[in-house]
Amino acid sequence: MEYRILGKTGLKISRMGFGGIPIQRIDPEGTRVLMHSLLEAGINYIDTARGYTVSEEYLGYGLEGIREHFVLATKSMSRTREAMAKDIAVSLSNLRTDYIDLYQVHNPTVEQLNQVTAPGGALEALLEAKAAGKIGHIGVTAHSTQVFSMALEMDWVETVMFPYNIVENQGEALMRACTQKNVGFICMKPLAGGAIENAALALRYVCANPDVSVVIPGMAAPAELAQNIAAVNDSSPLSNEEKAGLQAIRKALGSQFCRRCNYCQPCSAGINISGAFLFDGYLQRYGLADWARSRYAAMDKKASDCIGCGACEDRCPYNLPIRKMLQTVAEHFGE
């Protein structure tokens, strides 16, 4: 396994980490087996979040006795000092540890990131926890290039997590900026939320980019782990056949795949368009229907609230049939 330094954190991490979303599909004992398999394979980076229901708890159980061998990262959607302080305490308890290596501000909007850094914002709690030794480093996760760019201008941001895969390359320039600024880049959604079926090719494509510090595919079974390790450990140049495969995937998904650039916003009806597509992806491809439905239910406006004005389609750089896609989402969720 290849290892990298995670930007200015100085943490030495495996090129492939473990994404903790699918862990919700198994159980504590299955998680323990996976964690020991990670240790044997030399994978030492684990990502989870407060919002991933039982993920932190299962990982805490699975890591008992071997926690010191891992770089542990989690994240919270809290935006205020008080709420973030509570989430950090819950994460420490769930993960059965007295420190978390990387704690991240989870997917803020521009407005929310401003709230995080304002007086009384979540950053105060993060800095206090860091000073107390409860967390080691602070990062930001994003789906918007605007938030990504904004985070790179904040000196407290040590890592950025952002989608990057065969069909989502809107962050490449900002990824290069991460390298220049010594900010660790964490690649999420390497399989585009499960839309890309050829996991080996997807991971080989991601790892061919030197600006990627670590890629974190979601895994819930030893077979997935073995397949992903083989792909990441293959550092040979992409073959002509593989390059043709990349183009075939782009062609197949390019006309129907949301890259979450958010140029379609603001929606005339107030719908978080990319969020609706994101939760639909979890519903259709991740096997996390209950979680996806709960996240979708929390949205102020649902896909069915679309008024069909078409303003979003005029702004979409990928010419997606957004109105039709929203209709499909509404059908899948029943609202």
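All values below were derived from every heavy atom in this structure, side-chain atoms included, with hydrogens, water molecules and symmetry-related copies excluded.
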Undergrad: Do Arg96 and Glu64 sit within salt-bridge range, that is, some charged N less than 4.0 Å from a carboxylate O?
TA: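 A salt bridge is present here (some side-chain N lies under 4.0 Å from a carboxylate O).
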
Undergrad: Are the charged groups of Arg4 and Glu2 less than 4.0 angstrom apart, N to O?
TA: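 Result for this pair is yes, salt bridge flagged.
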
Undergrad: May I ask you to decide whether Arg204 forms a salt bridge with Asp234, counting only side-chain N to carboxylate O separations under 4.0 Å?
TA: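 Looking at Arg204 and Asp234, the cut-off is met.
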
Undergrad: Give a yes or no answer on whether the side chain of Tyr296 reaches the backbone of Ala303 with a donor-acceptor pair at less than 3.5 Å.
TA: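 Yes.
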
Undergrad: Using a strict 4.0 Å threshold on nitrogen-to-oxygen distance, state whether Arg176 and Asp211 make a salt bridge.
TA: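 A salt bridge is absent here (no side-chain N lies under 4.0 Å from a carboxylate O).
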
Undergrad: Would you confirm whether Trp291, through its side chain, and Gln24, through its main-chain N or O, come within 3.5 Å as a donor-acceptor pair?
TA: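 Side chain of Trp291 to backbone of Gln24, a donor-acceptor pair under 3.5 Å: no, none is there.
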
Undergrad: Check salt bridge (Lys or Arg N to Asp or Glu O under 4.0 Å) between Arg295 and all other residues, then give those that pass, not counting sequence neighbours.
TA: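 Once residues adjacent in sequence are excluded, Arg295 has no partner under the salt bridge (Lys or Arg N to Asp or Glu O under 4.0 Å) criterion.
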
Undergrad: Please confirm whether the backbone N or O of Thr145 pairs with a side-chain atom of Ser149, one donor and one acceptor, at under 3.5 Å?
TA: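 Flag not set: sc Ser149 to bb Thr145 has no pair under 3.5 Å.
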
Undergrad: If we count only N and O atoms by modelled type, under 3.5 Å, do the side chains of Glu56 and Thr48 hold a donor and an acceptor together?
TA: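 Short answer, no.
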
Undergrad: For a side-chain contact (heavy atoms from CB on, under 4.5 Å) with Ile166, tell me which candidate from Asn198, Ile196, Val206 qualifies.
TA: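 Of Asn198, Ile196, Val206, side-chain contact (heavy atoms from CB on, under 4.5 Å) with Ile166 is met by Ile196 alone.
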
Undergrad: As a test of understanding, state which of Leu203, Val212, Asn165 forms a side-chain contact (heavy atoms from CB on, under 4.5 Å) with Cys187.
TA: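 Passing option: Val212.
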
Undergrad: Hey, is the main chain of Asn94 close enough, under 3.5 Å, to the side chain of Glu57 for a donor-acceptor pair?
TA: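 No; judged by distance alone, with no hydrogens or angles, the pair does not exist.
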
Undergrad: Under 3.5 Å, is there a donor-acceptor pair between the side chain of Ser78 and the main chain of Thr80?
TA: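 No, Ser78 side chain to Thr80 backbone: no donor-acceptor pair under 3.5 Å.
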
Undergrad: Examine Lys12 relative to Tyr3 and say whether NZ or CZ is less than 6.0 Å from the centre of the six-membered ring and inside a 45° cone about the ring axis.
TA: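 Positive - Lys12 is close enough to the ring of Tyr3 and near enough to its axis.
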
Undergrad: Looking at Ala297, is its backbone amide N or carbonyl O close enough to the side chain of Lys302 to form a donor-acceptor pair, meaning the two atoms are under 3.5 Å apart?
TA: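 Yes, Lys302 side chain to Ala297 backbone: donor-acceptor pair under 3.5 Å.
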
Undergrad: Please test Leu92 against Ile100 for side-chain contact (heavy atoms from CB on, under 4.5 Å), starting from the C-alpha separation and ending with a verdict.
TA: CA-CA 7 Å; Leu92 288 166; Ile100 293 167; 3.8 Å; yes

Undergrad: Taking NZ, NE, NH1 and NH2 as the nitrogens, is one of them in Glu158 or Lys181 under 4.0 Å from a carboxylate oxygen of the other?
TA: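 No.
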
Undergrad: Check whether NZ of the Lys or CZ of the Arg Arg67 lies under 6.0 Å from the centre of the six-membered ring of Tyr99 and within 45 degrees of that ring's axis.
TA: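 Flagged: Arg67 positioned over aromatic ring of Tyr99.
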
Undergrad: Are Tyr61 and Thr31 close enough that a side-chain donor and a side-chain acceptor fall under 3.5 Å?
TA: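 No, Thr31 and Tyr61 have no side-chain donor paired with an acceptor closer than 3.5 Å.
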
Undergrad: Counting distance only, does the side-chain N/O of Glu153 pair as donor-acceptor with the main-chain N or O of Met150 below 3.5 Å?
TA: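 Judged by distance alone, no pair lies under 3.5 Å.
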
Undergrad: Return the minimal non-hydrogen interatomic distance between Ser55 and Gly20, and the atom names on each side.
TA: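 Residues Ser55 and Gly20, closest heavy atoms: OG-O, 2.8 Å.
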
Undergrad: Given Glu29 and Val33, is the side-chain contact (heavy atoms from CB on, under 4.5 Å) satisfied, shown in steps?
TA: CA-CA 6 Å; Glu29 287 300 333; Val33 170; 5.8 Å; no

Undergrad: Quick one: list whatever passes salt bridge (Lys or Arg N to Asp or Glu O under 4.0 Å) with Glu335, sequence neighbours left out.
TA: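 Checked Glu335 against salt bridge (Lys or Arg N to Asp or Glu O under 4.0 Å); zero matches.
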
Undergrad: Can you establish whether the number of heavy atoms outside Glu68 located under 6.0 Å from its atom CD is more than 12?
TA: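 More than 12 heavy atoms, drawn from other residues, nucleotides or ligands, come within 6.0 Å of this atom.
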
Undergrad: Could you pull out all residues at least two apart from Glu197 that satisfy side-chain contact (heavy atoms from CB on, under 4.5 Å)?
TA: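 Glu197 satisfies side-chain contact (heavy atoms from CB on, under 4.5 Å) with no other residue.
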
Undergrad: Identify which one of Gln112, Lys75, His143 satisfies the side-chain hydrogen bond (donor to acceptor under 3.5 Å, both in side chains) criterion when paired with Asn107.
TA: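 Only one option passes, and that is His143.
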
Undergrad: Counting only N and O atoms by type, is there a donor-acceptor contact under 3.5 Å from the side chain of Gln265 to the main-chain atoms of Asn272?
TA: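 It does not hold such a pair.
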
Undergrad: Look at the rings of Phe185 and Phe148 and say which category their plane angle falls in: under 30° parallel, 30 to 60° tilted, over 60° perpendicular.
TA: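 Parallel, since the angle between the ring planes stays under 30°.
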
Undergrad: Do we see a donor-acceptor contact under 3.5 Å between the side chains of Glu242 and Tyr205?
TA: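 Looking only at side-chain atoms, Tyr205 and Glu242 do not form any donor-acceptor pair under 3.5 Å.
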
Undergrad: Are the side chains of Arg79 and Met77 in contact, using a 4.5 Å heavy-atom criterion?
TA: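 Yes, their side chains come closer than 4.5 Å.
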
Undergrad: Under a plain distance cut-off of 3.5 Å, with no hydrogens placed, do Tyr164 and Asn209 share a side-chain donor-acceptor pair?
TA: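 Their side chains do contain a donor-acceptor pair, which is all the 3.5 Å distance test asks for.
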
Undergrad: With side-chain contact (heavy atoms from CB on, under 4.5 Å) as the test, pick out the partner of Thr159 among Val140, Ile138, Ile186.
TA: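 Only one option passes, and that is Ile186.
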
Undergrad: Donor-acceptor check, side chain of Arg50 to backbone of Thr74, threshold 3.5 angstrom: yes or no?
TA: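 No: the side chain of Arg50 does not pair with the backbone of Thr74.
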
Undergrad: Are the side chain of Glu124 and the backbone of Gly120 linked by a donor-acceptor contact shorter than 3.5 Å?
TA: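 Looks like yes, one N/O pair under 3.5 Å.
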
Undergrad: Evaluate side-chain contact (heavy atoms from CB on, under 4.5 Å) for Ile229 paired with Ile43, printing each intermediate quantity in order.
TA: CA-CA 9 Å; Ile229 289 172; Ile43 295 172; 3.8 Å; yes

